[in-house]
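To start, the structure under review is shown below, and the notes come after it.
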Amino acid sequence: MTSLLANINDEVFRTYIFWAAVLVLKMLVMSVLTGRQRFRKKAFANPEDLQPSKKGATPKFDDPDVERVRRAHRNDLENILPFFTAGLLYMLTNPEPFIAINLFRTVAVARILHTIVYAVVVVPQPARGLSWAIAYFATAYMAVKTILFFL
């Protein structure tokens with residue numbers, strides 16, 4: 001098993017760790033963006049979060065701006081978490097450093113752009129679809145390469 005770990009190039013590993021940490025911070029920022037939208041729109045989902053002075057106020061679950069940020073966050077969970085696994089396993093295949101490093105960068109930058117065009121400065125399609133697809137297919141490529149390597 002230690003021979004597999006010997007396949008990991010130090011530069012590739014350092015690049016993966018860097019971009020994975022950037023994406024962790026990006027996902028943490030999504031929670032802050034959701035909170036910011038909830039306060040800005042006064043759209044709180046829990047009764048205890050409502051202002052006590054507002055009698056009869058009820059939780060609000062359907063604010064479009066809050067829901068847009070929440071959907072972007074959910075999209076991150078659906079796409080960034082698989083990248084963490086695929087990227088880590090891909091490193092065990094002893095990939096060409098240039099390709100691996102640029103795949104990691106591409107996924108991270110595409111996911112950041114996805115959030116910007118989806119939840120920060122809403123840009124019409126195909127911006128969101130393209131940024132999603134670039135990261136998705138780069139992650140899929142790493143997963144397929146890993147499967148083929150270990151067949």
Side-chain angles (χ1 to χ4, degrees), residues 1-46 49 59-151:
M1 198 50 113
T2 55
S3 62
L4 278 179
L5 296 178
N7 285 345
I8 298 177
N9 175 290
D10 283 345
E11 185 182 7
V12 171
F13 184 67
R14 290 175 59 84
T15 303
Y16 169 80
I17 295 298
F18 173 81
W19 287 110
V22 167
L23 289 174
V24 167
L25 285 175
K26 181 237 166 300
M27 287 194 300
L28 290 172
V29 166
M30 294 305 293
S31 298
V32 174
L33 285 176
T34 303
R36 186 187 87 184
Q37 285 293 66
R38 287 197 182 283
F39 278 97
R40 188 173 73 78
K41 302 296 290 283
K42 297 182 180 21
F44 300 104
N46 301 302
D49 297 335
K60 188 173 182 183
F61 300 102
D62 59 354
D63 183 85
D65 295 327
V66 172
E67 291 307 309
R68 177 175 285 276
V69 176
R70 291 184 68 226
R71 285 191 306 272
H73 195 177
R74 185 175 64 231
N75 192 280
D76 279 350
L77 295 171
E78 294 168 353
N79 291 277
I80 292 174
L81 297 180
F83 161 73
F84 290 157
T85 303
L88 191 61
L89 296 175
Y90 178 64
M91 282 190 290
L92 296 174
T93 69
N94 195 21
E96 178 64 36
F98 177 81
I99 294 171
I101 287 167
N102 284 302
L103 282 169
F104 300 155
R105 288 176 181 155
T106 299
V107 170
V109 170
R111 290 308 308 174
I112 291 166
L113 286 173
H114 180 270
T115 294
I116 291 169
V117 301
Y118 194 8
V120 179
V121 179
V122 179
V123 176
Q125 289 286 22
R128 185 177 84 234
L130 287 173
S131 59
W132 171 85
I134 288 167
Y136 182 86
F137 287 112
T139 301
Y141 171 83
M142 288 184 276
V144 168
K145 291 294 280 188
T146 302
I147 290 168
L148 294 175
F149 182 86
F150 287 101
L151 267 180

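In this text, all values refer to a predicted model and were calculated from it rather than measured experimentally.
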Value rounded to 0.5 Å, distance of OG1 in T15 from CG in D10: 10.5 Å
For A108 and W19, work out which heavy atoms get closest and say how close. CB-CE3, 3.2 Å
Looking at residues at least two apart in the chain, or sitting in another chain, which of them share a side chain to side chain contact (heavy atoms under 4.5 Å, CB included) with L81? M27, L77, F84
Got a sec: does the OH of Y136 have more than 12 other heavy atoms crowding it under 6.0 Å? no
As an exercise, state the distance from CG of D76 to OH of Y118, rounded to the nearest 0.5 Å. 10.5 Å
Work out which heavy atom in A72 is nearest to a heavy atom in M30; give both atom names and the distance. CB-CE, 3.6 Å
Yes or no on side chain to side chain contact (heavy atoms under 4.5 Å, CB included) for I112 and V22, after CA distance, side-chain angles and deciding distance? CA-CA 9 Å; I112 291 166; V22 167; 4.0 Å; yes
Of the non-hydrogen atoms in E78 and P82, which two are nearest, and what is the gap between them? O-CG, 3.3 Å
Please lay out, stage by stage, how V69 and R36 fare under the test side chain to side chain contact (heavy atoms under 4.5 Å, CB included). CA-CA 10 Å; V69 176; R36 186 187 87 184; over 6 Å; no
Separation of M142 CE from T85 OG1 (nearest 0.5 Å): 10.5 Å
Distance-only, no hydrogens or angles: does the R128 side chain make a donor-acceptor pair with backbone N or O of H114 under 3.5 Å? no
Could you tell me which non-hydrogen atom of I8 sits nearest to which non-hydrogen atom of M91, and how far apart they are? CG1-O, 3.8 Å
Determine whether a donor-acceptor pair (N or O, by modelled atom type, separation under 3.5 Å) exists between the side chain of N75 and the backbone of R71. no
Roughly how far, to the nearest 0.5 Å, is CZ of R38 from CG of D63? 8.5 Å
Would you say F150 has more than 12 foreign heavy atoms packed within less than 6.0 Å of its CZ? yes
Yes or no on side chain to side chain contact (heavy atoms under 4.5 Å, CB included) for N79 and T139, after CA distance, side-chain angles and deciding distance? CA-CA 8 Å; N79 291 277; T139 301; over 6 Å; no
How long is the straight-line distance from CZ of F61 back to CZ of R70, given to the nearest 0.5 Å? 9.0 Å
Interatomic spacing from CG in L28 to CG in L33 - rounded to 0.5 Å: 11.5 Å
Just wondering, are more than 12 heavy atoms of other shown residues or ligands nearer than 6.0 Å to CD in E67? yes
Do the rings of Y16 and F83 sit parallel, tilted or perpendicular, given the 30° and 60° boundaries? tilted
Residues two or more places apart in sequence or in another chain: which of them pass ring pair (Phe, Tyr, Trp, His ring centres under 6.0 Å) with F18? none
Carefully, step by step, assess T115 and K26 under the rule side chain to side chain donor-acceptor pair (under 3.5 Å). CA-CA 9 Å; T115 294; K26 181 237 166 300; 2.4 Å; yes
Across all chains, not counting sequence neighbours, the side-chain hydrogen bond (donor to acceptor under 3.5 Å, both in side chains) partners of R14 are none
Might you point out which heavy atoms bring T146 and Y90 nearest each other, and give the distance in Å? OG1-CA, 3.2 Å
Tell me if the CZ atom of F13 is crowded by more than 12 foreign heavy atoms within 6.0 Å. no
Non-hydrogen atoms of P97 and N9 that approach each other most closely: CG-ND2, 3.7 Å
Hey, does I134 have a side-chain heavy atom less than 4.5 Å from the side chain of V107? no
Candidate pair N7 and F149, rule side chain to side chain contact (heavy atoms under 4.5 Å, CB included), full reasoning: CA-CA 12 Å; N7 285 345; F149 182 86; 4.2 Å; yes
